[in-house]
Undergrad: 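Shown below is the structure under consideration.
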Amino acid sequence: MRSRLVVLISGGGTNLQALMDAPQDAYEVVGVISDRSEAAGIARAVARGIPTDVVIPSACADRAEWDRVLADAIGRWTPDWVVCAGFMRVLGPAVIAGFPWRIINTHPALLPAFPGAHGVRDALDYGVRVTGCTVHLVDSGVDTGPILAQHAIAVDPDDDEATLHERIKVEERRLLVNVVTALCAQGCTVTGRKVSIP
Ligand code: GAR
């Protein structure tokens, strides 16, 4: 049976698109949630007939309520896995506890370097010659969960944030689809910071 995937997005949704476009023997995307009503990725889900929801923090009394509302929204679709694909907010305790080691995030840098919202810009500003992307399980920290897979990308001398991010995203989409497919097909075991996919 295919795993049920709920995907969280904030923006353009090209990673979501890659997940929807890949041959889906291992999983099906059963719902897409955004924290922004204007996120372009919503239209990508609608075009596929996939149900969507928007859970906006400013519509909630506080962060704790947003966390609970988001956990309920995700839970309604009874997912096996939750994928943060360009979701630009830190998940709260209700979501993390609701789906232990069942939440996957993709990040445009080689963690633990350059976590947070500006991974590409921070790597460029630091002057690294190599950066990349990381797919990892989500814990309660900011991009601190156990690492599932990484891909390195060389920084060109004339890269700016946009050109570098675009190159990273080409590999990131491939990596994310491969990891999600493997997890859905085989599951994983977490021992300390190490994750093994049988
Ligand atoms: C991706 O590069 C993802 O790693 C990044 O946002 C982009 C979303 O692209 N996420 C973060 O920076 C989270 N810290 P997309 O909307 O086209 O999939």
Side-chain angles (χ1 to χ4, degrees), residues 5-22 24 27 29 31-48 50 52-57 63 66 70 74 81-92 95-96 103-126 128 130-156 159-181 183:
L5 228 68
V6 167
V7 182
L8 310 186
I9 59 165
S10 298
T14 65
N15 281 283
L16 165 66
Q17 189 72 54
L19 287 166
M20 295 188 302
D21 286 349
Q24 297 187 15
Y27 63 81
V29 179
V32 172
I33 301 176
S34 173
D35 61 329
R36 297 171 58 238
S37 51
E38 65 275 26
I42 296 268
R44 296 178 187 269
V46 170
R48 288 297 183 98
I50 294 171
T52 63
D53 199 352
V54 179
V55 182
I56 304 172
R63 189 176 147 72
W66 174 73
L70 181 60
I74 297 170
W81 296 93
V82 179
V83 182
C84 299
F87 190 65
M88 301 305 286
R89 292 186 188 272
V90 178
L91 296 172
V95 174
I96 304 280
I103 308 173
I104 302 155
N105 182 45
T106 181
H107 182 74
L110 291 177
L111 294 171
F114 312 116
H118 305 290
V120 180
R121 187 190 310 169
D122 293 345
L124 264 181
D125 288 350
Y126 195 89
V128 297
V130 176
T131 183
C133 48
T134 303
V135 178
H136 65 96
L137 293 175
V138 173
D139 64 9
S140 58
V142 178
D143 300 325
T144 52
I147 290 170
L148 290 155
Q150 294 185 299
H151 188 94
I153 309 268
V155 178
D156 291 342
D159 262 333
D160 60 22
E161 186 179 355
T163 59
L164 180 57
H165 199 173
E166 215 36 63
R167 238 172 35 260
I168 290 172
K169 284 173 74 171
V170 170
E171 296 303 332
E172 182 180 24
R173 291 189 280 264
R174 249 196 292 271
L175 195 70
L176 181 65
V177 168
N178 288 343
V179 170
V180 167
T181 301
L183 284 175

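Residues take their numbers from the sequence shown, with the count starting at 1. In listed order, ligands and their atoms are each counted from 1.
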Undergrad: Report yes or no: does Gly119 have a heavy atom closer than 4.0 Å to ligand 1?
TA: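 No heavy atom of Gly119 comes that close to ligand 1.
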Undergrad: Please say which of Leu175, Val135, Val83, Thr106 ends up in a side chain to side chain contact (heavy atoms under 4.5 Å, CB included) with Val180.
TA: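 Looking at Leu175, Val135, Val83, Thr106, the match for Val180 under the side chain to side chain contact (heavy atoms under 4.5 Å, CB included) is Val83.
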Undergrad: Minimum heavy-atom separation for Ile103 and Cys84, please, with both atom names.
TA: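 Of all heavy-atom pairs spanning Ile103 and Cys84, the closest is CG2-SG, 3.9 Å.
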Undergrad: Among all protein heavy atoms, pick out the one at the shortest distance from atom 16 (O) of ligand 1; state its residue, atom name and that distance to 0.1 Å.
TA: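 Nearest neighbour among protein heavy atoms for atom 16 (O) of ligand 1, to 0.1 Å: Gly13 N, 2.8 Å.
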Undergrad: Of Ile153, Asn15, Thr14, which meets side chain to side chain contact (heavy atoms under 4.5 Å, CB included) against Glu172?
TA: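 Exactly one option meets the side chain to side chain contact (heavy atoms under 4.5 Å, CB included) with Glu172, and it is Asn15.
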Undergrad: Which protein heavy atom lies closest to atom 9 (O) of ligand 1, and at what distance to 0.1 Å?
TA: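 Ranked first by proximity to atom 9 (O) of ligand 1 is Lys169 NZ, 3.2 Å.
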Undergrad: Just which atoms of ligand 1 are under 4.0 Å from any heavy atom in Met88?
TA: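 What qualifies from ligand 1 is 10 (N), 11 (C), 12 (O), 13 (C).
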Undergrad: I need the nearest protein heavy-atom contact for atom 3 (C) of ligand 1: residue, atom name and distance, please.
TA: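 Atom 3 (C) of ligand 1 sits closest to the protein heavy atom Glu172 OE2, 3.2 Å.
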Undergrad: For atom 17 (O) of ligand 1, grab the closest protein heavy atom and report residue, atom and distance to one decimal in Å.
TA: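 Atom 17 (O) of ligand 1 sits closest to the protein heavy atom Thr14 OG1, 2.6 Å.
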Undergrad: For Gly86, take its heavy atoms, then give the atoms of ligand 1 lying under 4.0 Å from any of them.
TA: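 That gives atoms 6 (O), 8 (C), 10 (N) of ligand 1.
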Undergrad: Any side-chain donor paired with an acceptor under 3.5 Å for Arg89 and Ser10?
TA: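 Per modelled atom types, Arg89 and Ser10 side chains form no pair under 3.5 Å.
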Undergrad: Just going by heavy-atom distances, which of Pro108, Ser10, Cys133, Pro115 is nearest to atom 5 (C) of ligand 1?
TA: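 Shortest heavy-atom distance from atom 5 (C) of ligand 1: Pro108.
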Undergrad: Just by distance, with hydrogens left out, do Thr163 and Asp160 show a side-chain donor and acceptor under 3.5 Å apart?
TA: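 Side-chain D/A pair, Thr163 to Asp160: present.
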Undergrad: In chain order, what residues pass the side-chain hydrogen bond (donor to acceptor under 3.5 Å, both in side chains) check against His151, with sequence neighbours excluded?
TA: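 Counting only residues at least two positions away or on another chain, His151 forms no side-chain hydrogen bond (donor to acceptor under 3.5 Å, both in side chains).
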Undergrad: Mark up the atoms of ligand 1 that fall under 4.0 Å of a heavy atom belonging to His165, in ascending order.
TA: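 Once the distances to His165 are compared, the set is 1 (C), 2 (O), 7 (C).
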Undergrad: Using 0.5 Å steps for rounding, measure from the CG atom of Leu16 to the CZ atom of Phe87.
TA: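 Between atom CG of Leu16 and atom CZ of Phe87 there are 13.0 Å.
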Undergrad: Just which atoms of ligand 1 are under 4.0 Å from any heavy atom in Asn15?
TA: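 Those atoms are 1 (C), 9 (O), 15 (P), 18 (O).
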Undergrad: Of all the atoms in ligand 1, which lie at a distance below 4.0 Å from a heavy atom belonging to Thr106?
TA: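 Listed by number with element: 3 (C), 4 (O), 10 (N).
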Undergrad: Counting heavy atoms only, which part of His107 comes closer than 4.0 Å to ligand 1: side chain, backbone, both or neither?
TA: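 Within the 4.0 Å criterion, His107 contacts ligand 1 through backbone and side-chain atoms alike.
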Undergrad: Taking only heavy atoms of Gly12, which atoms of ligand 1 are found under 4.0 Å from at least one of them?
TA: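 Here the atoms of ligand 1 in question are 16 (O).
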Undergrad: Thinking salt bridges, do Arg174 and Glu171 make one under a 4.0 Å N-O criterion?
TA: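 Salt bridge present between Arg174 and Glu171.
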Undergrad: What pairs with Thr52 under side-chain hydrogen bond (donor to acceptor under 3.5 Å, both in side chains), at least two apart in sequence or on another chain?
TA: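 Listed in chain order: nothing, the list is empty.
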